[in-house]
Structures are given as C-alpha cells and as structure tokens.
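Scroll down for the structure; my scribbles are underneath it.
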Amino acid sequence: MGRSALAVRLASLLAFGLVLVSVEASLGDVDPRYRTCVRECQATGIIGENVISHCQFKENYTSVGVSWYNQEQIYIQWKELNCRTDCRYFCMMQREGERQSLGLSPVKYHGKWPFLRVSVFQEPLSTALSAVNLLMHFTGWLSFFLLVNYKLPLRPQTKRTYYEYTSLWHIYAILSMNAWFWSSIFHTRDIELTEKLDYSSAVALLGYSLILSLLRAFNVKDEASRVMFAAPILAFVTTHILYLNFYELDYGWNMKVCVVMAAVQLLTWAVWAGVSRHPSRLKLWTVVFGGALVMLLELYDFPPYMGFADAHSLWHASTIPLTYLWWSFIKDDAKFRTSTLSKKAK
C-alpha cells in the first residue's frame, strides 16, 4: 500500500498544479502603435517595404451580380494569407523589432507569441510536431490492431477478441488522430474555423478519454452500464462544444473544463494502477506523471527561441515519447486481459 499511497499523493499534487494553469492576457494586440499599424496596413496595403496584395481589395469582398469566377478561389484563400493576417504579421514583426531595440522583452499578440513564418506555416515547429504526434498515434493504433486481431488468440465461438475494450481503443485512436490533425492545421493557419475545429477536437478527445479511464478503472463490461457511465459526460462535452462554436469561444472557461477533465482521468489512471497492481503499472505511472509534468510547461511559458520553439511546441515534442509508451501500455493491457480470460475459458 505504500507505493499505491505515494502514487495517489503524487497524482493529486500534479492535478492540483494543473488547475493552477491560467491564460495570460495578450499585451501586444492592445498596443496603440500596433493597432495603428494594422489599421493603416489594411487601408493602404503597404507597411514599410512590404506591399500586401490581398489588401488591394476589400477583405471578404462580395458583390451582387459579380460572376463567380471573379471571386477569390477557396484554395487560394487557404494557401495565401489574407489581408488582415499579413498586416498583423508584418506589424507584429515591426513592433517587436522596435521593442527589441529598446531592450524590451517580446509580448504576445492575439494570444500567441511572435513566431517567424515559414511559407504558409504560421507556427512551423508546432505544425511539424503535431504531425509527428498524429503519426505516433497511427502507428500505435496499427500495432494494437495487429496484436489483438492476428497475434493474440480469439474467442473460439465468435472469433472476436478476448480483450473487452478493443472497440473503445479503436474509437480513442480515431479521436486522437483527428485531434492532432486539426492541431497541425490550426498551427499552420490560425483562423476562426481552424481554431474552433482544433478546440472542439481536443475537448472531444479529453471527454472520451475520461469516459474510457472510468470504464477501464471500474471494469465496466456490460453495454448498458457503459452507456449509463458515458451518457452524462457525453452530454456535457457535447453541450460544451456547441457553446464554444455557436455562442462564445470562451478561452478561460474552456481551459478550466479541459484541466478538470484531464486531472480527473490522471487521478483515475494513477489510483487504479496502484490499487489493481496492474503488471504494467510502472509504464502507466510514467505516462500519467510525465503527461502532468509536461502540461506544467504552460505555467512556465516563454517566448519562442529563435522565433520558433516556445513552451507549447516543447509540450508537443514531449508528448511524442509519451504517446509511444501509452500505446505500449494499451497493448500490455490487452495481452494481460487476453491471457487471463483465455485461461478461464479453458
């Protein structure tokens, strides 16, 4: 019980630390000089030596009677940055150059640090790391799929897997890959649509992960019982996503919701691993405590080094090895349950 009690205390402390995460207000976008620069840029399409071609016509221009082929094509809107985005970027870079010459530290603009763009990628490092995380989940899920369907024994009568949580982990993999896909798109191009898709996908993944942690911890196998467990959480998560998309994208409230869901499932996994004495509990504890610790990077946020690597991108990087270890635990759990159930069947 000593190790289990220690795990509970550590998980509690880490969860409490996560709840202390707060959203830092943006100082750059309220700077009068920055606002004036953006306003003049949008009006003239010129900032310094840069000419913003997208600002030569009114943004989101539409006119009755204009032929469809005169409208800006969707693929061009996606590939090229529009007038407001270009003006914000160049004004931000100009203002940061002025601040640096005065010995002032960088500040955030519209909730983000001043990153250097690479082609169409607004945050190239975070985009690349999000794509790697997506790949890690895909390879992890693929190895899990091959394990349970082709390497482990199947039930003789139904030819289905012994592992009772197979389908649940398949859904988890789909939601994970979807979340990291939209994360990479959002870091490539930050617009209202990609922002909402990124936030909604992350909330959906967190909500489902919470359900999955409770179902596994309480060993819920019956479908009716699973529905009873999941229904309240699904209802809340769905309502929250609708609230963010169609009422108000409240960053502070969304942060609180995500932190609480993450903290509850971290505690659930940590306590269950100790109480059940799962053979792969050390792997699970490593993932849980490692995941909580890297989340604390949000507390020690810092400007991007060389214009690319900030705390958020490092968080993306740290989740890559944790994702590998996480899917390793999932496969170990499948082997453990399959071995136990197949022995009982004999």
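Everything quoted here is computed from the prediction, not taken from an experiment.
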ask   = Under the 6.0 Å and 45° cation-pi test, does Lys112 pair with Phe186?
value = yes
ask   = Do side-chain atoms of Gln265 reach the backbone of Leu206 as a donor and acceptor pair under 3.5 angstrom?
value = yes
query = Is the Trp272 ring parallel, tilted or perpendicular to the Phe329 ring (thresholds 30°, 60°)?
reply = perpendicular
ask   = For the residue pair Tyr172 and Trp169, is the inter-centroid distance of their aromatic rings smaller than 6.0 Å?
value = yes
query = Is the CD atom of Glu98 crowded by more than 12 outside heavy atoms at less than 6.0 Å?
reply = yes
ask   = Taking atom types as modelled and ignoring hydrogens, do the side chains of Tyr199 and Asn245 form a donor-acceptor contact shorter than 3.5 angstrom?
value = no
N/O donor-acceptor pair under 3.5 Å between Ser328 side chain and Tyr324 backbone = no
key: Cation-pi geometry met for Arg117 and Phe90 (6.0 Å, 45°)   = yes
ask   = Can you find a heavy atom in the side chain of Asn219 that is under 4.5 Å from one in the side chain of Tyr165?
value = yes
Aromatic plane relationship, His312 with His187 - under 30° parallel, 30 to 60° tilted, over 60° perpendicular = tilted
task = In a single word, yes or no, tell whether Cys91 and Cys37 have an SG-SG distance below 2.5 angstrom.
result = yes
query = Quick check: are there more than 12 heavy atoms from other residues, nucleotides or ligands sitting under 6.0 Å from CZ of Arg155?
reply = yes
query = Does Trp285 have its ring centroid less than 6.0 Å away from the ring centroid of His278?
reply = no
message = Tell me whether the count of non-hydrogen atoms from other residues, nucleotides or ligands lying under 6.0 Å of NZ in Lys256 goes above 12.
response = no
key: Phe302 atom CZ, over 12 foreign heavy atoms within 6.0 Å   = yes
